[in-house]
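Just so it is clear, the structure is predicted and the values come from calculations on it, not from any experiment.
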Amino acid sequence: STDPEERAAAASVLAAVARNNPSGQEAVANKGGLVWLTKQLREEKHAVALVKTISAVSAVVQHHGGAVQSFHALGGTAALAALLRSDPNC
């Protein structure tokens, strides 16, 4: 979507599905949600949508070794590290 509010809402839904819900984590991780979230980490410029994306990633990978491995393999760890190194005023 070109609308950052829609992207933020989508990330919020994925976070809600995955948070403290192993079957939800599995679904998001294996049905393309983790791929989309990782892409958003690299590309998102809207602060609220980015925060929602980080929250969703956290919910998906928490205590889920397979999702952690997938996130790393997708370049998510590097994308998150790059965000942490970036200028907070961008």
Side-chain angles (χ1 to χ4, degrees):
S1 170
T2 59
D3 182 356
E5 290 181 11
E6 287 179 5
R7 294 190 305 274
S12 290
V13 168
L14 292 177
V17 166
R19 188 161 286 112
N20 300 317
N21 178 0
S23 62
Q25 286 176 294
E26 194 72 22
V28 173
N30 294 327
K31 301 291 184 185
L34 193 56
V35 171
W36 181 79
L37 289 167
T38 303
K39 180 177 180 255
Q40 291 306 108
L41 280 179
R42 283 191 214 89
E43 299 176 1
E44 186 59 66
K45 302 298 181 210
H46 187 265
V48 172
L50 184 57
V51 168
K52 300 291 186 181
T53 298
I54 293 168
S55 175
V57 167
S58 173
V60 174
V61 302
Q62 184 177 13
H63 306 298
H64 190 295
V68 171
Q69 289 176 345
S70 294
F71 181 68
H72 183 70
L74 290 166
T77 307
L80 191 54
L83 281 172
L84 293 171
R85 286 190 303 266
S86 70
D87 181 351
N89 297 315
C90 292

Tell me the closest heavy-atom pair linking [X] and [Y], and the distance in Å.
X     : Y     : value
Gly76 : Leu41 : O-CD1, 4.2 Å
Glu44 : Leu50 : CG-N, 3.6 Å
Ala59 : Gln25 : O-NE2, 3.1 Å
Trp36 : Ala10 : CH2-CB, 3.9 Å
Pro4  : His46 : CB-CG, 3.3 Å
Ala56 : Ala15 : CA-CB, 3.6 Å

Can you tell which of Thr38, Val35, Leu37 makes a side-chain contact (heavy atoms from CB on, under 4.5 Å) with Phe71?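 Only one of Thr38, Val35, Leu37 forms a side-chain contact (heavy atoms from CB on, under 4.5 Å) with Phe71, namely Thr38.
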Of the options Val28, Leu14, Val17, which is the one that meets Val60 in a side-chain contact (heavy atoms from CB on, under 4.5 Å)?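 The passing option is Val28.
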Could you verify whether a donor N or O on one side chain and an acceptor N or O on the other, from Ser55 and Arg19, lie under 3.5 Å apart?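 The criterion, which ignores hydrogens and geometry beyond distance, is satisfied for Arg19 and Ser55.
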With side chain to side chain contact (heavy atoms under 4.5 Å, CB included) as the criterion, how do Val57 and Leu80 come out once you've worked through the C-alpha distance, each side chain's angles and the decisive distance to 0.1 Å? CA-CA 10 Å; Val57 167; Leu80 191 54; 5.7 Å; no
Is it possible for you to say whether Val13 and Val61 belong to one hydrophobic cluster, with membership spreading through side-chain heavy-atom contacts below 4.5 Å?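 Hydrophobic grouping puts Val13 with Val61.
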Heavy atoms, side chains only, cut-off 4.5 Å: are His64 and Glu26 in contact?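 Side-chain contact under 4.5 Å: yes.
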Counting neighbours of CG on Asp3 that are heavy atoms of other residues, nucleotides or ligands and sit closer than 6.0 Å, is the number greater than 12?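 It does: Asp3 CG has more than 12 such atoms within range.
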Should we count CD of Glu43 as having more than 12 external heavy atoms under 6.0 Å?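 Above 12, so yes.
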Under 3.5 Å, side chain of Ser70 to main-chain N/O of Ala67, donor-acceptor pair present?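 Here the side-chain-to-backbone pair does not exist.
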